[in-house]
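Just so we're on the same page: letters track the sequence lines, and every chain starts at 1.
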Amino acid sequence: MIRIVNVHKTFGANHVLRGVNLEIKKGESMVVIGGSGSGKSVLIKHIIGILKPDSGDIFVDNINIVNLKETELNKIRKKFGMLFQGAALFDSLRVWENVGFSLLRERTYSEKEVRRIASEKLRLVGLAGVEDLMPSELSGGMKKRVGLARAIAHNPEILLYDEPTTGLDPIMADAINDLIIEMREKLSVTSVTITHDMQSAYKIADRIAMLYEGKIIEVGTPDEIKQTENPIVRQFITGSAAGPIRIEGVTA
Amino acid sequence: MLRVIEYIGSLIIKFADETGRILILLFSTLKQMILPPYEIRNIIKQMLEIGVMSVPVVLITAIFTGMVLALQTYTGFKRFGAESLVGSVVALSMTREMGPVLTGLIVTGRAGAAMAAELGTMRVTEQIDALETLATNPVKYLIVPRFLSGALMLPALTVLSDIIGIIGGYIITVGLFGASSAQYWRRVWDYLELEDIYNGLIKACFFGASIALISCYKGFYTSGGAEGVGKATTGAVVLSFMTILISDYFLSAWLFK
Ligand SMILES: Nc1ncnc2c1ncn2[C@@H]1O[C@H](COP(=O)(O)OP(=O)(O)O)[C@@H](O)[C@H]1O
Ligand SMILES: [Mg+2]
């Protein structure tokens with residue numbers, strides 16, 4: 001369903017992606033792990049076309065999205081829903097307007113209908129009675145849920161999650177994990193999740209890929225990853241400071 | 001010596017680079033402005049934000065500007081017996097120069113800074129990325145309404161400022177110095193031509209468009225978290241002020257022959 005082929009991306013002197021190859025199958029839950037600043041967010045933004053690669057190709061349902069015109073790209077984007085790390089709710093809009101944003105702009109439904117659909121999506125992520133609140137009135141966990149409701153409002157086939165559990169307490173984090181699993185069961189979506197939270201990765205992944213120094217260095221099921229021979233992956237999943245991974249700015 | 005040349009060179013490159021990027025943003029703004037659908041709701045919201053909210057500050061500034069113009073001109077011109085010309089001086093100064101420039105500076109401080117801060121915050125909290133994922137062009141959704149409101153509301157505010165400034169001059173000339181009311185108004189109309197007013201408004205339109213474009217540019221390309229938003233806001237105000245004052249000279253030289 002999604003195929004990333006030899007993608008390179010540089011910001012100034014910072015060569016972030018150095019030939020990423022990854023394939024995500026229809027219906028699977030792919031989790032990409034990697035350290036902070038390793039380029040996980042940059043990678044996920046390439047999948048939905050917010051960032052363009054310097055070289056390489058990205059196929060979504062066999063269409064190369066790299067050189068698409070905006071109108072074409074927007075058609076592809078409607079297949080996606082994305083939950084951002086900080087939820088990225090629009091501050092100036094109420095919760096229901098956030099959730100119904102794309103529907104309000106398409107003008108296929110009346111405002112009243114959009115509001116009803118928004119309430120329905122909010123219920124799906126476990127929220128009720130928050131429709132008229134402003135984003136600033138919500139807690140971190142609620143913001144993520146509203147962000148998720150917004151991501152699923154137009155019934156996407158693919159969901160992208162950027163660090164869905166980061167910054168939440170362990171109980172809230174697990175509730176979000178359950179929600180991700182539930183979305184998959186109820187909506188039968190393909191999903192790509194980015195995280196450095198291994199507990200979350202094991203729980204939601206069909207397959208796990210590790211991004212390191214701009215490349216995917218290993219892909220496997222959670223069980224395969226747990227038994228990896230690769231010392232870098234091993235160090236990352238056990239969360240040890242000692243090992244081959246260089247910590248930026250720290251000399252051994 | 002080499003250092004100095006290097007430094008100046010780097011400044012020039014930075015200036016050219018930034019000007020180029022602002023012009024590119026201008027073109028995509030104009031393109032998105034023409035392409036339907038139109039952001040009527042957002043345009044109205046921004047017009048209220050930029051226009052209506054600035055009215056009180058513009059009024060206060062304009063009345064005091066008119067008053068001080070009258071005060072200075074009256075006492076100064078009295079030395080050579082020309083105090084009857086106060087009405088003309090106030091009217092010409094307000095419409096050609098003070099109205100557009102002061103309104104531009106006020107709108108920069110109020111609305112320009114707010115635009116840069118708002119768009120900058122939206123950038124660093126990924127709200128602009130979120131717009132794209134929701135198949136919404138951020139230039140169309142965010143910048144076009146601000147650009148249009150700037151270009152339209154600044155002339156409107158300037159008209160207000162011109163009128164209030166001339167009334168301010170009246171208050172001082174007639175109220176304080178006891179000059180004749182009929183003479184003040186006659187002097188206002190004697191030398192004031194329609195051209196003075198609309199050339200002033202052309203300047204205002206240019207200032208409004210520039211302020212909005214520069215402030216949106218600074219906000220839109222913010223990076224580096226909360227600190228970056230602060231820098232973008234300051235940068236927007238400084239660059240808008242400079243653009244207004246410098247372009248004012250050239251526009252005036254070109255318009256008022
Ligand atoms: N728009 C951008 N412009 C410049 N540098 C960027 C941009 N986005 C990300 N980067 C840089 O790319 C690197 C990877 O960032 P990111 O993908 O956000 O990391 P993470 O893996 O923590 O999500 C960082 O060094 C970051 O500074
Ligand atoms: Mg990230």
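A donor-acceptor contact shorter than 3.5 Å links the side chain of A/Glu113 to the backbone of A/Ser110. At least one donor-acceptor pair closer than 3.5 Å links the side chain of B/Ser28 to the backbone N or O of B/Leu25. Under the 3.5 Å distance criterion, the side-chain polar atoms of A/His154 are matched with a main-chain donor or acceptor of A/Phe80. Panel note: side chain B/Lys203, backbone B/Leu251; no donor-acceptor pair is recorded below 3.5 Å. Judged by distance alone, with hydrogens and angles left aside, the side-chain atoms of A/Asn98 form a donor-acceptor pair with the main-chain N or O of A/Phe90 at under 3.5 Å. The backbone N or O of A/Gly35 lies less than 3.5 Å from a partner atom in the side chain of A/Lys40, making a donor-acceptor pair.
In this structure the side chain of A/Leu138 reaches within 4.5 angstrom of the side chain of A/Leu89, judged on heavy atoms. Proximity of A/Arg116 to A/Glu120: side-chain heavy atoms (C-beta onward) are separated by under 4.5 Å at one or more points. Here the side chains of A/Leu187 and A/Asn155 are not in contact, with every heavy-atom distance at 4.5 Å or above. Side-chain contact check for A/Val42 versus A/His46: some heavy-atom pair is nearer than 4.5 Å.
Few gaps surround CG on B/Asp17; more than 12 heavy atoms of other groups in view lie less than 6.0 Å from it.
Contact of A/Leu51 with chain B is not made at all, since no heavy-atom distance falls under 4.5 Å. The part of A/Phe101 that comes within reach of chain B is its side chain, from C-beta onward, which places non-hydrogen atoms under 4.5 angstrom from that chain. There is no contact between A/Glu106 and chain B, counting heavy-atom distances below 4.5 Å. Neither the backbone nor the side chain of B/Ile128 comes within less than 4.5 Å of any heavy atom in chain A.
Across B/Thr121, B/Thr136, B/Thr125, the residue that shares the most heavy-atom pairs under 4.5 angstrom with chain A is B/Thr136. Listed options A/Ile48, A/Ile76, A/Asp91 were ranked by heavy-atom pairs under 4.5 angstrom with chain B; first place goes to A/Asp91. Taking A/Gln85, A/Lys78, A/Arg150, A/Met82 one by one and counting their heavy-atom pairs under 4.5 Å with chain B, the maximum is reached by A/Arg150.
Within residues 23-32 of chain A, no residue has any heavy atom less than 4.5 Å from a heavy atom of chain B. Contacts with chain A (heavy atom to heavy atom, under 4.5 Å) involve no residue of residues 217-237 of chain B. Inspection of non-hydrogen atoms places B/Tyr141 of residues 141-168 of chain B under 4.5 Å from chain A.
No side-chain donor-acceptor contact under 3.5 Å links A/Ser191 and A/Arg184.
The shortest heavy-atom contact between B/Thr243 and B/Ser210 is CG2-CB, 4.1 Å. Shortest non-hydrogen contact noted between B/Phe207 and B/Ser247 is CE2-OG, 3.4 Å. Considering every non-hydrogen atom in both A/Ala173 and A/Thr165, the closest pair reads O-CG2, 3.5 Å.
Residue pairs meeting the salt bridge (Lys or Arg N to Asp or Glu O under 4.0 Å) criterion with at least one member in residues 128-143 of chain B, sequence neighbours excluded, are A/Lys45-B/Asp129, A/Arg77-B/Glu132, B/Arg123-B/Asp129.
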